[in-house]
J.: 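Can you keep this structure in mind? I'll have questions shortly.
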Amino acid sequence: MAEEDLRQKRLNKIERLREAGCNPYPERFERTHRLNEACQLEEGTEGVRIAGRLTAFRPFGKLSFGRLQDIHGSMQIAFQRDLIGTETYQLIKKTIDIGDFIGVEGEVFRTKTGELTIRVAHHEFLGKSLRPLPEKWHGLQDRETIYRQRYLDLIASPESRERFLLRTQVIQTLRRYLDEHGFQEVDTPILCNKATGALARPFKTHHNALNMEVFLRIAPETYLKRLIVAGYDRVYEMARCFRNEGMDPSHLQDFTMLEYYAAYWNYEDNMRFTEELFRFMLETCLGSLQIEIAGETIDFSKKWKRVSLREGLLEETGIDVDECPDADALRERISAAGIEIEKAGTLGRGALIDSLYKKTVRKKLIQPTFLVQHPIDLSPLARRSDKDTNLTDRFQLVVAGWEIVNAYSELVDPIDQRNRLEEQAALRAAGDDEAMELDEDYLLAMEHGMPPISGWGMGIDRIVTLLTGQDNLRDVVPFPLLKNL
RNA sequence: GGGGGCGUAGCUCAGGGGUAGAGCAACGGCCUUUUAAGCCGCAGGUCGGAGGUUCAAAUCCUCCCGCCCUCACCA
């Protein structure tokens, strides 16, 4: 009721403004500067017109200070009774509220405390608010409100503004780097017939006009590779993807993945490119190759470690997967080592290796590490290694125990691909609903011929989470999905 | 889905069986240099919801809703 009371008082102010001939919701306002530009101006500059949300108001009898703010910056404004007249001054004091959008025109001056300020000659209400803002120095603390009403968090928290601006900058920087290295940005379908390109459960929906079941993509991979068939030699997509799996601090169902594909590269070329790309991104966005995460300095400047899945497991668990030629042998070794893996009995050898890795090795990989050479049955779209046909030429970049990048030399042999997808289809038929579907349309494209390719995918939300020192993806996604109230 | 924590004024938080509290914001005043402005005054609550125990419940119990953490599931 108190809030409703407050709202009513503000509605009354709107009426009062209308009676005084002021439109509380005008059509436009001509600015001469943005706030972050205006606060760089010379003292004495006249006719400066700025606009923003009023986030503070400190009235005195004949002089009032306010602050206009937007995502990029803020600037102080001052209303002087003797300049704008008693009537106007009183109307402002009676009708203005913290939270209102205001436009002002005036001269830049310096206050006694030395702050550049606009001395308001004219002002306009640009958007009256009806609701109060969060409290001014603790800001918004309630996680639920932060997520449900992110706009309040962004208004109240400079850290949050910085974090989301950095997200944008990271994405821009990645685009720029790829653009400058001959990649074409493309868009491929989000709604599609088959959910492929990764091992994950998709979201299903229904297409009314075509009366068919469609899926939200889990990865853009097979479409991007079709474009390589078409003659593109380097493509990328900033791809929103959807996976109908569990939700936790490092998994969201709706997330952003950057994928690129480069013809004529292998995964070694791709690792080199990845290091250069990261160096550029970190220097551009952070000005440093070292970042602090949970009290640890992560150093991207040194040569990144390379660890094969086999080496990592051997070191951490003492288990040599090469000595376990099949799932049964490996299962025995795992239980002999006293390690428990859920549903171990139902997993194949590759899946066991993967579970074992996630359970023991991954969280120990703090410094940037290329984890290489994954079992072939976990990588149905990756090229079989020439050196060991049970392995793929694949790498993941792991930082702070989080998988950030996944990449490989792509499988371009249509016959091998068909066999591998048939194996997946068999798993699927046996009840594994994350196994990949046989995708004839993709095989048809492959059979028209593909060059050597190396592809790459990075979780944008994850890298931004790390770079901003957060530990939950939701803190770098403006509006994470929550339950209905 | 299991386990744990949390939910009190618009916001930030106290209070943990005995009359519902503070600061900020709001509202009425004073104030020409504030920036967490200051001072005086005033108002604001179905204590997440529904049951129960009790002479008495924000407080104890049960269920439900929401959020967070964790485990499980999972690129």
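Lettering follows sequence order; numbering is per chain, from 1.
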J.: Considering only heavy atoms and no angle criterion, is a donor-acceptor pair shorter than 3.5 Å present between the side chain of A/Glu135 and the base of B/rG23?
T.: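 Checked by distance alone, the answer is yes.
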J.: Suppose you measure atom C1' in B/rC27 against the same atom in B/rA58; what distance do you get, rounded to whole Å?
T.: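 28 Å, rounded to whole Å.
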J.: Would you tell me if any nitrogen or oxygen in the side chain of A/Arg143 comes within less than 4.0 Å of OP1 or OP2 on B/rC69?
T.: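 It does, given that an N or O in the side chain of A/Arg143 lies less than 4.0 Å from OP1 or OP2 of B/rC69.
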J.: Looking only at side-chain N and O atoms, does A/Ser64 offer a donor or acceptor that is under 3.5 Å from a partner on A/Tyr89?
T.: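 A pair is found: one side chain offers a donor N or O, the other an acceptor, under 3.5 Å apart.
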J.: Between B/rC31 and B/rG38, how far apart are the two C1' atoms, rounded to whole Å?
T.: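 Approximately 9 Å lies between the C1' atom of B/rC31 and that of B/rG38.
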J.: Could you state the atom-to-atom distance from CD of A/Glu4 to P of B/rU46 in whole Å?
T.: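 Answer to the nearest Å: 13 Å.
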J.: Send over the distance from A/Asp354 CG to B/rC73 C1', rounded to a whole Å.
T.: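 Atom-to-atom, A/Asp354 to B/rC73, this comes out as 13 Å.
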J.: A/Leu140 has an atom CG; how far is it from atom P of B/rG10, in whole Å?
T.: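 For the pair A/Leu140 CG and B/rG10 P, the rounded distance is 14 Å.
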J.: What integer number of Å spans the C1' atoms of B/rG44 and B/rG3?
T.: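 About 40 Å, rounded to a whole number of Å.
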J.: For B/rC74, does OP1 or OP2 lie under 4.0 Å from any side-chain N or O of A/Asn244?
T.: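 Answer no for this pair, as no side-chain N or O of A/Asn244 is under 4.0 Å from OP1 or OP2.
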J.: When the P atoms of B/rC47 and B/rU8 are considered, how many whole Å apart are they?
T.: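 My reading of the P atoms in B/rC47 and B/rU8 gives 11 Å.
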J.: Check the pair A/Thr468, A/Arg163 against side chain to side chain donor-acceptor pair (under 3.5 Å), reporting the backbone distance first and the verdict last.
T.: CA-CA 6 Å; A/Thr468 55; A/Arg163 192 175 343 123; 5.0 Å; no
J.: May I ask you to evaluate whether A/Lys358 reaches the phosphate of B/rA72, defined as a side-chain N or O under 4.0 Å from OP1 or OP2?
T.: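 So the side chain of A/Lys358 is outside the cut-off, no N or O lying under 4.0 Å from OP1 or OP2 of B/rA72.
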J.: May I ask you to verify whether the side chain of A/Gln76 and the base of B/rU34 hold a donor-acceptor pair under 3.5 Å?
T.: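 Such a pair exists between side chain and base.
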J.: Taking a pair as Watson-Crick or G-U wobble with both distances under 3.5 Å, which nucleotide is matched to B/rU33?
T.: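 Paired with no nucleotide.
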J.: For atom C1', what is the distance between B/rA9 and B/rC42, given to the nearest Å?
T.: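 Pairwise C1' distance, B/rA9 against B/rC42, rounds to 15 Å.
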J.: Before accepting this row, confirm whether a basic side-chain N of the pair A/Arg31/A/Glu37 lies closer than 4.0 Å to the acidic partner's carboxylate O.
T.: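 Salt bridge: no.
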J.: Taking only the P atom of each, what is the distance from B/rA57 to B/rG49 in whole angstrom?
T.: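 Taking atom P in both B/rA57 and B/rG49, they lie 15 Å apart.
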J.: Checking only heavy atoms, does the side chain of A/His251 share a donor-acceptor pair with the base of B/rC74 at less than 3.5 Å?
T.: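 In this structure, the two groups form a donor-acceptor pair.
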J.: Respond yes when some side-chain nitrogen or oxygen of A/Arg119 is under 4.0 Å from OP1 or OP2 of B/rU33, and no when none is.
T.: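 Negative; the distance criterion is not met.
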J.: Are OP1 or OP2 of B/rU34 and a side-chain N or O of A/Arg58 less than 4.0 angstrom apart?
T.: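 Answer is no, no contact under 4.0 Å.
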J.: Please figure out whether A/Arg201 or A/His138 has its closest RNA chain B nucleotide nearer the 5' end.
T.: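 The residue mapped nearer the 5' terminus is A/His138.
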J.: At less than 4.0 Å, is any side-chain N or O atom of A/Lys62 found next to OP1 or OP2 of B/rC30? Yes or no.
T.: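 For B/rC30, neither OP1 nor OP2 has a side-chain N or O of A/Lys62 closer than 4.0 Å.
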J.: Identify the residue among A/Glu259, A/His374, A/Arg394 that makes a side-chain hydrogen bond (donor to acceptor under 3.5 Å, both in side chains) with A/Asn406.
T.: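 Result for side-chain hydrogen bond (donor to acceptor under 3.5 Å, both in side chains) with A/Asn406: A/Arg394.
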J.: Measuring only the P atom in each nucleotide, how far is B/rU59 from B/rG7? A whole number of Å is fine.
T.: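 Comparing P positions in B/rU59 and B/rG7 gives a spacing of 12 Å.
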J.: For A/Lys136 and A/Tyr357, find the nucleotide of RNA chain B closest to each by heavy atoms; which residue's nucleotide sits nearer the 5' end?
T.: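 Here A/Lys136 is the residue nearer the 5' end.
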J.: Is there aromatic stacking of A/Phe60 on B/rC31 here, judged by a ring-centre distance under 5.5 Å and a plane angle under 30°?
T.: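 Stack criterion not met.
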J.: Please check the phosphate of B/rA26 (OP1 and OP2 only) for any side-chain N or O of A/Arg10 closer than 4.0 Å.
T.: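 So the side-chain polar atoms of A/Arg10 never come under 4.0 Å of the phosphate oxygens OP1 or OP2 of B/rA26.
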J.: Is there a Watson-Crick or G-U wobble partner for B/rU54 with both distances under 3.5 Å, and if so, which one is it?
T.: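 Here B/rU54 is not engaged in any pair, so there is no nucleotide opposite it.
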J.: Rounded to whole angstrom, note down the P distance from B/rC60 over to B/rG4.
T.: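 Going atom to atom, P in each nucleotide, I get 16 Å.
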J.: Output yes when A/Glu268 and A/Arg306 qualify as a salt bridge under the 4.0 Å nitrogen-oxygen rule, no when they do not.
T.: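 Yes, A/Glu268 and A/Arg306 are salt-bridged.
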J.: What integer distance in Å separates A/Leu54:CG from B/rU34:C1'?
T.: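 Rounded to whole Å, this separation is 14 Å.
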J.: Between A/Phe370, A/Phe273, A/Trp304, which is the residue that forms a ring-ring contact (aromatic ring centres under 6.0 Å, His included) with A/Phe278?
T.: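 When ring-ring contact (aromatic ring centres under 6.0 Å, His included) is applied between A/Phe278 and each of A/Phe370, A/Phe273, A/Trp304, only A/Trp304 qualifies.
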J.: Would you say A/Lys93 reaches B/rC31's phosphate, i.e. side-chain N/O to OP1/OP2 under 4.0 Å?
T.: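 The answer is no; no side-chain N or O of A/Lys93 sits under 4.0 Å from OP1 or OP2.
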